[in-house]
Amino acid sequence: METIQAILESKLRPAVGDSGGLPVTVQAAQDTRFGDYQTNIAMQLAKARKANPRAIAQEIIARLDVAEISETPEIAGAGFINFRIKSEALATHFASLVSDPRLGVPQVAPRKLVIDFSSPNVAKPMHVGHIRSTFLGDALARIGRFLGHSVVTDNHIGDWGTQFGMLCLAWKTIVDKAALERDPIGELERIYKLQNERCKSDSAAMDAARAELVKLQNGDAENHAIWREMIRLSQVQFDTIYRRLDINFDHTLGESFYNPWLKDTVNELVQKGIARESDGAICVFSDSSVPEKEDPFLIKDENGWKPSPALVQKADGASNYTTTDLATIAYRVREFAPDEIIYVTDGRQQLHFRQFFTIWKRLHPDIAVKLSHVWFGSILGEDGKPFKTRSGDTVKLADLLDEAEERAFKVVREKNPELPETECREIGRIIGLGAVKYADLLPNRQGDYVFSWDKLLSFQGNTAPYLQNAYVRIRAIFRKAAEAGITTQAGTVNLTEPAELELVKKLAQFGETLPAILEDHRPNLLCNYLFELANAYHSFYEACPVLKADEPARSSRLALSDATARTLKTGLGLLGIEVPERM
RNA sequence: GCAGCCGUAGCUCAAUUGGAUAGAGCGUUGGUCUCCGAAGCCGAAGGUUGUGGGUUCGACCCCCGCCGGCUGCACCA
């Protein structure tokens, strides 16, 4: 079904006529005093044509026929055109919304998206550093699929690199088999740290580690088997956490998967004159095609601009991550033919992404694939410094999730002493995991945020528990209705109270908000929307009795409640968050 | 040094990407349960959007200069 916004836009477009390339758009009004929707097109046209905006607005309105949906549009301020939706039109719209399994979200022109996120490292525990990539990427994948896109999720795990020389050496010399049995990742972490320290202080140990790395790289059977086993053990850990978080990947193609193409990638870069030798390494330099300030291959010092190349092959002949990333795009283009590849990583990698996106475009100017680096800031502790345990270690993801569930369980137990413990555990699980995910997705992803148990688990304010509770309250109404044997008259829509109309308007915006969220890769806007929806419902709930109302109001209000509950459940589901039936 | 990002209410954050009188939550504070879950609702106070200029009908948003913080800057990823 069409959104109200889309209907207004389709009627506005012919009334505007030639907009000179300006997009003719309508947006929900920020302030309801000015109506429900507004367009700024008259002011934009006035600027382009150096004409009077209000006069242009007048001309547009004269040609505009929106009578079936809106009151007479009004011109206000500098030249805004404001629309107030007729309540009959809202009723009609809501009638189709409530029977729409997509809750009014339009089917968009499908695109193929590859989303690369999470990317944990083999032989290391997943920790807080993986939270944002994992939750953001998963939310984007879910939203993309719901909108009708074809989404491929790929976990580009860190399964290759110099650390495996040390790991192979440590595996052969200091590993504790019993500990490896009990806690594989813990033991791998322990031997890696120990080996790393030995190598720092002992050059013979360092040489031995290098030798193991060379053997691994040259396909030595023993080291290859050790490496394979470390990957397998790590994957068990990843799978456990992803299952717990209900996150799925279509592919898990680690860095090592691309090894066969690295040499060819470097050769191609050299042959095309994009890369050349420098100090024994092979590097990509600036091609001077953009201003110096914008050039990712230049850096300025006191003597002016000098090269800041990207390495594609080290002096020892090994490739590095830029090369792997280039080979990865090539593979994805061959295999998936995507319209867009989305990388969800830490903001500190911005320079790297600018460089390798630029290299890719130089390498394949003919291939039209949009490359998006969706970056995010750090998670800080309440002291404003990077989030660590009291002893200063990184916080393991599994521990964090345990604590979230435990804290939520205690709150649920306290508020519902009558519920059996197993049910409190299950509710605690849903609330705890939801709270952590929501707290991560709520802030604008660019920029750091402070991790606070009290805030994210609060039942007040813009939190997952608050939204889950709004859902639960609605479900309680339906339980009560069922107990009382109340049946609804399907299809009854009877909107009279302001709170009812406000709620319908908010429900109608779900389908208008969602596409913009994917466009900008910003799930936080969905959080904001859901919070506003819950607020609108609570206001309605105060003002309008549901079960005690007479027909047709009762059936109509039950329909409003049902649509709200489904939108909350669906919206939270798109963020990877479940809802309980009671809490 | 250069580049990127950030700076919004006491605190934590929004702001539909250039739109109207910058909004929420927490905290402070005044109301509101005989009534579907008060985990709620209705209200009040709280701001020179770091700062100085500029662009324009209009700027938290764009441009230039400062101040402060975070991050990155060739053989780790």
Side-chain angles (χ1 to χ4, degrees), chain A residues 25 27-31 33-34 38 40 43-44 46-47 52-53 76-80 82 119 121 158 160-163 255 278-283 293-296 298-302 305-311 313-316 318 320-322 324-325 345-352 354 375 377-378 380 382 384 411 415 442-444 446-450 452 454-455 458-463 465-466 468-470 472-481 484 509 512-513 516-517 520 524-525 527-529 531-532 535 538-539 541-543 545-549 557 561 582-583:
Chain A
T25 61
Q27 43 275 122
Q30 284 182 75
D31 192 325
R33 276 175 314 197
F34 304 119
Q38 62 170 245
N40 308 323
M43 291 181 290
Q44 290 168 348
K47 177 161 258 177
N52 183 323
F80 296 94
N82 294 328
S119 313
N121 294 313
W160 198 248
T162 51
Q163 72 274 26
E255 291 166 0
S278 168
D279 289 344
I282 296 178
C283 313
K293 232 186 113 158
E294 294 162 27
D295 197 318
L298 289 180
I299 186 168
K300 193 181 183 183
D301 67 7
E302 53 276 6
W305 293 97
K306 62 173 196 178
S308 174
L311 266 70
Q313 184 176 297
K314 300 187 284 184
D316 66 5
N320 68 357
Y321 69 139
T322 300
T324 307
D325 283 338
T345 85
D346 193 282
R348 284 175 293 200
Q349 295 185 46
Q350 283 177 90
L351 178 61
H352 164 65
R354 280 181 61 208
W375 61 269
S378 310
L380 307 177
E382 299 202 57
V411 177
K415 291 183 190 270
L442 175 64
N444 188 334
Q446 297 170 328
D448 304 337
Y449 79 90
V450 175
S452 160
D454 289 341
K455 286 211 169 67
S458 170
F459 286 59
Q460 285 125 34
N462 196 350
T463 65
Y466 171 86
Q468 288 165 328
N469 181 58
V472 163
R473 284 177 78 173
I474 299 172
R475 298 304 303 155
I477 292 176
F478 283 95
R479 272 198 303 276
K480 195 144 277 193
Q509 285 171 21
E512 299 168 0
T513 308
I517 289 166
D520 295 339
N524 67 306
L525 298 175
C527 299
N528 291 347
Y529 169 78
F531 183 62
E532 287 167 14
N535 284 337
H538 278 135
S539 296
Y541 182 90
E542 290 295 324
V546 177
L547 297 176
K548 286 178 198 134
R557 288 173 184 177
S561 299
R582 65 185 86 220
M583 63 195 276

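Letters A, B, ... are given to chains in the order of the sequence lines, protein chains preceding strands, and every chain is numbered from 1. What you are looking at is a predicted structure, and each value in this text was computed from that prediction instead of being measured.
- Among the nucleotides B:G19, B:A14, B:G37, the one closest to any side-chain atom of A:Gln38 is B:G19.
- Base orientation of B:U17: syn, the glycosidic angle falling within 90° of 0.
- Distance from the side chain of A:Ile477 is smallest for B:C36 among the nucleotides B:A74, B:C36, B:U17.
- Rounded to an integer number of Å, the gap from A:Phe34 CZ to B:A22 C1' is 13 Å.
- Of the candidates B:C2, B:A39, B:A77, the closest approach to any side-chain atom of A:Tyr321 belongs to B:A77.
- With a 4.5 Å cut-off on side-chain heavy atoms, A:Ser308 and A:Leu298 do not count as touching.
- For A:Asn82 against B:A20, a side-chain N or O and a base N or O form a donor-acceptor pair under 3.5 Å.
- Taking only side-chain nitrogens and oxygens, A:Arg473 comes nearer than 4.0 Å to OP1 or OP2 of B:A38.
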Would you list the protein and nucleotides 26-29 of chain B atom pairs, both N or O, that sit under 3.5 Å from each other?
none

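- Contact annotation for A:Asn320: backbone-only contact, meaning every heavy-atom pair under 4.0 Å involves sugar-phosphate atoms and none involves a base.
- For the pair A:Tyr449 OH and B:G25 P, the interatomic distance rounds to 22 Å; values are reported in whole Å.
- For the pair A:Glu294 CD and B:G4 C1', the computed distance is 13 Å after rounding to whole Å.
- Contact between the side-chain N/O atoms of A:Asn444 and the OP1/OP2 oxygens of B:A15 is found at a separation under 4.0 Å.
- A:Glu532 places no side-chain N or O within donor-acceptor distance of the main-chain N or O of A:Tyr529, the cut-off being under 3.5 Å.
- A side-chain donor-acceptor contact under 3.5 Å links A:Arg557 to the backbone of A:Pro545.
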Q: Starting at the 5' end of RNA chain B, write a dot or bracket for each base, bracketing those in Watson-Crick or G-U wobble pairs whose two distances are under 3.5 Å and using | for partners on another strand.
A: (((((((..((((.....[...)))).(((((.......))))).....(((((..]....))))))))))))....
Below 3.5 Å is the cut-off: list the nitrogen or oxygen pairs between protein and nucleotides 57-64 of chain B, distance only.
| residue | atom | partner | partner atom | Å |
| --- | --- | --- | --- | --- |
| B:G58 | O6 | A:Lys47 | NZ | 2.8 |

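- Glycosidic conformation of B:C33: syn, with the torsion inside 90° of 0.
- Nucleic acid contact for A:Ser278: base, since at least one base atom lies under 4.0 Å from a heavy atom of the residue.
- Nucleic acid contact for A:Pro309: base, since at least one base atom lies under 4.0 Å from a heavy atom of the residue.
- Applying the 3.5 Å distance criterion, the base of B:A24 shares no donor-acceptor pair with the side chain of A:Glu532.
- Within 4.0 Å (heavy atoms only), A:Tyr541 reaches at least one base atom of the nucleic acid.
- Within the 4.5 Å cutoff, no side-chain heavy atoms of A:Thr322 are placed close to those of A:Leu311.
- Under the side chain to side chain contact (heavy atoms under 4.5 Å, CB included) criterion, A:Trp160 pairs with A:Leu216, A:Gln217, A:Trp227, A:Glu255, A:Ser256, A:Asn259, not counting sequence neighbours.
- Within the nucleic acid shown, A:Ala76 comes within 4.0 Å of at least one base atom, counting heavy atoms only.
- To the nearest whole angstrom, the two P atoms, one in B:U71 and one in B:G53, are 32 Å apart.
- We find that NZ of A:Lys306 is positioned 15 Å from P of B:G1, with the value rounded to whole Å.
- Summarising the geometry, atom CG belonging to A:Leu380 is positioned 9.5 Å from atom OH belonging to A:Tyr449; distances are rounded to the nearest 0.5 Å.
- Side chain of A:Arg354 to main chain of A:Glu294: a donor-acceptor pair is present (N/O by atom type, distance under 3.5 Å, no hydrogens or angles).
- Nucleic acid contact class of A:Leu442 (heavy atoms, under 4.0 Å, all strands): none.
- From A:Asp520, atom CG reaches atom CG of A:Leu525 across 7.0 Å, with rounding to the nearest 0.5 Å.
- For the pair A:Thr463 and A:Leu442, the minimum side-chain heavy-atom distance is 4.5 Å or more.
- Side chain of A:Ser539 to backbone of A:Asn535: a donor-acceptor contact under 3.5 angstrom is found.
- Between the C1' atoms of B:A15 and B:U55, the separation comes to 23 Å (whole Å).
- Mapping A:Trp375 and A:Val546 onto RNA chain B by nearest heavy atom places A:Trp375 at the nucleotide closer to the 5' end.
- Nucleic acid contact for A:Glu255: sugar-phosphate only, since backbone atoms but no base atoms lie under 4.0 Å from a heavy atom of the residue.
- Residue A:Ser539 places at least one side-chain N or O under 4.0 Å from the OP1 or OP2 atom of B:C42.
- The A:Asn524 side chain lies nearest to B:A15 when the options are B:C75, B:A15, B:C41.
- The distance from atom NE2 of A:His538 to atom C1' of B:A24 is 15 Å, rounded to the nearest whole Å.
- Spacing between atom CG of A:Leu380 and atom P of B:C6 amounts to 15 Å, rounded to whole angstrom units.
- Here A:Asn535 lies in heavy-atom contact (under 4.0 Å) with sugar-phosphate atoms only.
- Where A:Gln27 and A:Val472 meet RNA chain B, the nucleotide closest to each residue was compared, and A:Gln27 sits on the side nearer the 5' end.
- Considering only side-chain N and O atoms, A:Tyr466 lies under 4.0 angstrom from the phosphate OP1 or OP2 of B:C41.
- Closest contact between the side chain of A:Lys314 and the listed nucleotides B:G25, B:A39, B:C76 involves B:C76.
- Going from atom CH2 of A:Trp160 over to atom P of B:A77 covers 12 Å, rounded to whole Å.
- Residues passing the ring-ring contact (aromatic ring centres under 6.0 Å, His included) test with A:His538 are A:Tyr466, sequence neighbours excluded.
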What nitrogen or oxygen pairs link the protein and nucleotides 71-73 of chain B at under 3.5 Å?
none

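- We find that the ring of A:Phe80 and the base of B:G19 do not stack by the test of centres under 5.5 angstrom and planes tilted less than 30°.
- Within the 4.0 angstrom heavy-atom criterion, base atoms lie near A:Ala281.
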